Amino acid sequence: MGDQNVLTVNGLYKNIKSVCKFVAEGARNAGFNEDDTFRIELACDEACTNIIEHAYGGENKGSIRAEWSATPSYFVILLHDNGRSFNPSKIPNPPEKPQNIDDLKIGGLGLHFIKKIMDDVAFTFGESGNTLTMKKKR
C-alpha cells in the first residue's frame, strides 16, 4: 500500500466525513458503483463513530488512521485507533424481528449493520492499539 492510501485524522465527529470521503474515493477507484460506495461509506461512518464513542469514550482523545487497498478479490479498509479494546463476541446481535423500537436500543446495532454491509469484518487488538479490518468483495 502506498502512502496515498493512508489518512490519519483526530478523533472528532466532524472528521468522520473526511475519512468516509477518502474511503469512498478508494472504493470508486476499485470499481464499485455509487450504491455500493455509499454502503461502504455508511459502514465506515458507523465504525469511526464507534471508535470515538466506545474506544476513546469521547471526542479528541486520540486519532483514527484509515487505510484502504484493493486486491483482485477484495476492497480492504483498515481503521486503527489507540483506544480501549473490547470483545466483539460479547456484543449482542439485535433481535431478528424486534417487537418495538426499544428492543433495538440494546447496543451492537452498529456492528451488526457493518457486518451486513461488508463481506468480512475482523478485529485485532494489541500493544499498538485496535485495528478493524473490513473487506468487500469486488
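Start at 1 with the first residue, then count along the sequence. Bear in mind the structure is a predicted one, so any value in this text is a computation, not a measurement.
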Contact summary for Ala47 and Leu79, nearest pair of heavy atoms: CB-CD1, 3.5 Å
Sub-4.5 Å side-chain heavy-atom contact between Glu67 and Asn5: no
Which atom of Asn82 lies closest to which atom of Ser128, heavy atoms considered: OD1-O, 2.9 Å
Can you give the donor-acceptor pairs under 3.5 Å from side chains of residues 10-25 to other protein atoms, not counting sequence neighbours?
from	atom 1	to	atom 2	distance (Å)
Asn10	ND2	Asn60	OD1	2.9
Asn15	ND2	Asn10	O	2.9
Ser18	OG	Asn15	O	2.8

Qualifying salt bridge (Lys or Arg N to Asp or Glu O under 4.0 Å) pairs with a residue from residues 42-64, counting only residues at least two apart or across chains: none
Interatomic distance, Phe113 atom CZ to Asn50 atom CG [nearest 0.5 angstrom]: 11.0 Å
Partner residues of Asp36 under the salt bridge (charged side-chain N to carboxylate O under 4.0 Å, His left out) criterion, sequence neighbours left out: Arg39
Distance-only donor-acceptor pairs under 3.5 Å for side chains of residues 129-138, two or more places apart:
from	atom 1	to	atom 2	distance (Å)
Asn130	ND2	Asp81	OD1	2.7
Asn130	ND2	Gly83	O	3.0
Asn130	ND2	Arg84	O	3.2
Thr131	OG1	His80	ND1	2.8
Lys136	NZ	Ile117	O	2.7
Arg138	NE	Ala30	O	3.2
Arg138	NH1	Thr71	O	2.8
Arg138	NH2	Ala30	O	2.7

Nearest non-hydrogen partners of Ser85 and Phe125, listed with the distance: CB-CD2, 3.3 Å
Worked check of side-chain contact (heavy atoms from CB on, under 4.5 Å) between Ile40 and Met118: CA-CA 7 Å; Ile40 290 167; Met118 304 303 282; 4.2 Å; yes
Ser69 backbone acceptor or donor facing Tyr74 side chain under 3.5 Å: no
